[in-house]
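Worksheet: one structure, shown below.
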Amino acid sequence: MLQVNYIKENKSLVLERLSVKNFNDLQLIDEILGLDDARKTLQLEVETLQADANTAAKQVGELMKAGKRDEAEIIKSTTVAVKENIKNLLAQISFTEQDLQQKLVLLPNLPHTSVPKGKTPEENEVVLSFGDAPNLPENALPHWELAAKYNLIDFELGVKITGAGFPVYKGKGAKLQRALINFFLAEAEKSGYDELMLPLLVNEASGFGTGQLPDKEGQMYFCGVDNLYLIPTAEVPITNLYRDVIVKEEDLPIKNCGYTPCFRREAGSYGAHVRGLNRLHQFDKVEIVQVVKPEKSYEILEEMSIHVQNLLQKLDLQYRVLRLCGGDMSFASALTYDMEVWSAAQKRWLEVSSVSNFETFQSNRLKLRYKGNETKTQLAHTLNGSALALPRIVAAILENFQTENGIIVPECLVPYTGFRLID
RNA sequence: GGAGAGAUGCCUGAGUGGCCGAAAGGAACAGUUUGCUAAACUGUCGUACUGGCAACGGUACCGAGGGUUCGAAUCCCUCUCUCUCCGCCA
């Protein structure tokens, strides 16, 4: 959520930035500024009345004590009208604030100046490419066929017990999952992230804090009886740890990581591109999150991007890094890098990580601030990234490292799998 | 699931209608003292909005939301959460 005062002071800049995200609703901005002015005027009015009422109440107290009942009664009678007035004004303020809030959450975050204009994924900017595509024979198999051939993943069983998009991992397939999770967590710990194990269901306030609610609720599974949502990413519980918190400046940066399953309804996504592991309703992911000082956040975004790239390099996967264009970025992000690995048998890039700087967009909603001895309380910056999402990594490993004799597991995973070959 | 108790500032904890934005202690920060460490002493020590160039003010907030009252941390109602006991249970 953007800060109203910032919008007020930098209106033309805000409009210019928002246009990069293809957002051009000048009228909405004007309405927001109008509502904020109205709110302030009402606020001032009600506070003046309250100050008067407070003084009157004190006088009554003193007069009563002095035994001057009659005089007290006179003052009492005058406050009745004032009270009614205050009540009305408060109701107006509350209504205005709600209206303002509802409109304010419609504004996406301002993209960083380096974000390219564009509407479609094709307009994302390739920042760098790393590694070479493996030379696979013409008859190389896509991962879903490999998964069946080596009895690693059973998609049909998942359909039976739950539905499409909930695979059952078996044998070495299951072990590979566990190995990847442990490898990613170990690497995150080496990079200084403190590990957390988190609730997989969150309440409404948390969904709002990170921006899934109100507008993207269709993306989450919802337990209506208890009013809880299944997390679409560990970002939600981790970042909400710091909701309504004022952290000490010296405790920054806060670095957390956590492994969780993620649940996404993905309503309306069907077809060839979602085959196999390409898009699931439940998948596993290790997430990294940082809470940092504003002046450091872009430096840290690079650091997080490098952490993710190191993982991909250790896994010997060919990858590329994209700087997302305005149209492809998420609502809340100011700058996002997507990491994609090459899926050699499908012959396409698969997104395996997304690393974003949200600047104060989330912290403003979360009321996540920091305070130093010298500095006043101010909003912190939040960042997060997948490090990494498992299914597409598994897809790429199966496809890229397939041989006549089986699938060769990357060296770095062997300590975690206990085997080098899937056959 | 049943019964009871509670929720106050960074922490502990006092406060049952006006003198309470809130005692006291601890922690933290600054200073004085000190050969060093410790101790002692003094001061500072919540958040948000808002007025003012500033000095300094105003308003709200004692789990959340309503109500009673001229006046509520204090009384009433609803909700949430925590704790204790019983039941059930991985």
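These values consider heavy atoms only, across backbone and side chains, with no hydrogens, waters or symmetry-generated copies.
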Show the nearest heavy-atom pair for residues Arg264(A) and Pro232(A), with the distance to one decimal. NE-O, 2.9 Å
pair Val115(A)-Leu324(A): side-chain heavy atoms closer than 4.5 Å: no
Have a look at Ile75(A) and say if it touches a base, only the backbone sugar-phosphate, or nothing, with a 4.0 Å heavy-atom cut-off. nothing
Distance, rounded to the nearest Å, where Lys248(A) contributes NZ and U47(B) contributes P: 14 Å
If pairing requires Watson-Crick or G-U wobble contacts with both distances under 3.5 Å, which nucleotide is the partner of U16(B)? none
Which part of the nucleic acid does Ala56(A) contact within heavy-atom distance under 4.0 Å: base, sugar-phosphate only, or nothing? nothing
Is there a side-chain contact between Lys40(A) and the phosphate of U50(B), meaning an N or O under 4.0 Å from OP1 or OP2? yes
Atom pair distance, as rounded to whole Å: CD in Glu249(A) and C1' in C29(B): 14 Å
Considering every strand shown, what is the Watson-Crick or G-U wobble mate of G57(B) when both distances are under 3.5 Å? U50(B)
Go through C70(B), U59(B), U47(B) for me and flag the one nearest to the Met64(A) side chain. C70(B)
For Glu250(A) and A28(B), give me the distance from atom CD to atom P, rounded to whole Å. 12 Å
Judged by each residue's nearest nucleotide on RNA chain B, which is more toward the 5′ side, Gly61(A) or Arg39(A)? Gly61(A)
Selection from G51(B), A60(B), G18(B) that lies nearest to any side-chain heavy atom of Leu44(A): G51(B)
Nearest-nucleotide 5' precedence on RNA chain B, Val60(A) against Ile246(A): Ile246(A)
Rounding to the closest angstrom, what is the interatomic distance between G87(B) and A14(B) at atom P? 32 Å
Expressed in angstrom and rounded to an integer, what is the separation of Glu47(A) atom CD from G57(B) atom P? 17 Å
Can you see if the side chain of Arg369(A) gets near the phosphate of U47(B) - specifically, an N or O under 4.0 Å from OP1 or OP2? no
Please check if any side-chain donor atom of Thr120(A) sits under 3.5 Å from a side-chain acceptor atom of Glu123(A), or the reverse. yes
Return the pairing partner of C36(B) with a 3.5 Å limit on both distances, Watson-Crick or G-U wobble; otherwise return none. none
Can a donor-acceptor pair be found between the side chains of Glu47(A) and Gln43(A) at a distance below 3.5 Å? yes
Mind checking who G71(B) pairs with, Watson-Crick or G-U wobble, both distances under 3.5 Å? none
Integer-rounded Å distance: A60(B) P and Leu42(A) CG: 17 Å
Within a 6.0 Å radius of atom NZ on Lys296(A), are there more than 12 heavy atoms belonging to other residues, nucleotides or ligands? no
Under 4.0 Å between any heavy atoms, over every strand shown, what does Lys58(A) touch: base, sugar-phosphate, or nothing? Just pick one. nothing
Side-chain contact check for Ala57(A): nearest option of A60(B), U50(B), C70(B) is C70(B)
Just how far, in rounded Å, is P of G58(B) from CD of Glu45(A)? 20 Å
The side chain of Asn54(A) lies closest to which of these nucleotides: U59(B), A48(B), C70(B)? U59(B)
C1' spacing across the pair G67(B) / C53(B), given as an integer number of angstrom: 44 Å
Between Arg392(A) and Ser343(A), do the side chains contain an N or O donor and an N or O acceptor separated by less than 3.5 Å? no
Distance between the P atoms of C45(B) and A23(B), in whole angstroms? 12 Å
Taking the six-membered ring for Trp, are Tyr298(A) and His112(A) parallel (under 30°), tilted (30 to 60°) or perpendicular (over 60°)? tilted
Under-4.0 Å side-chain N/O to phosphate OP1/OP2 contact, Lys83(A) with G71(B): yes
Between A48(B) atom P and Leu368(A) atom CG, what is the distance in whole Å? 13 Å
If we take the C1' atom in both U8(B) and U47(B), what is their distance in whole Å? 15 Å
CD/Gln50(A) to CG/Leu89(A) distance, rounded to the nearest 0.5 angstrom? 9.0 Å
Whole-angstrom distance between G31(B) and A24(B), as gauged at atom C1': 24 Å
Separation of the P atoms in C11(B) and C20(B), to the nearest angstrom: 23 Å
Considering Watson-Crick and G-U wobble pairs with both distances under 3.5 Å, what does G6(B) pair with? C81(B)
Opposite nucleotide pairing with C29(B), Watson-Crick or G-U, both atom distances under 3.5 Å: G43(B)
Categorize Thr78(A) for me: base, sugar-phosphate, or nothing, with a 4.0 angstrom heavy-atom threshold over every strand shown. nothing
Just checking Lys87(A): base, sugar-phosphate only, or nothing, at a heavy-atom cut-off of under 4.0 Å? sugar-phosphate
Between P on C70(B) and NZ on Lys76(A), what's the gap in Å once rounded to a whole number? 6 Å
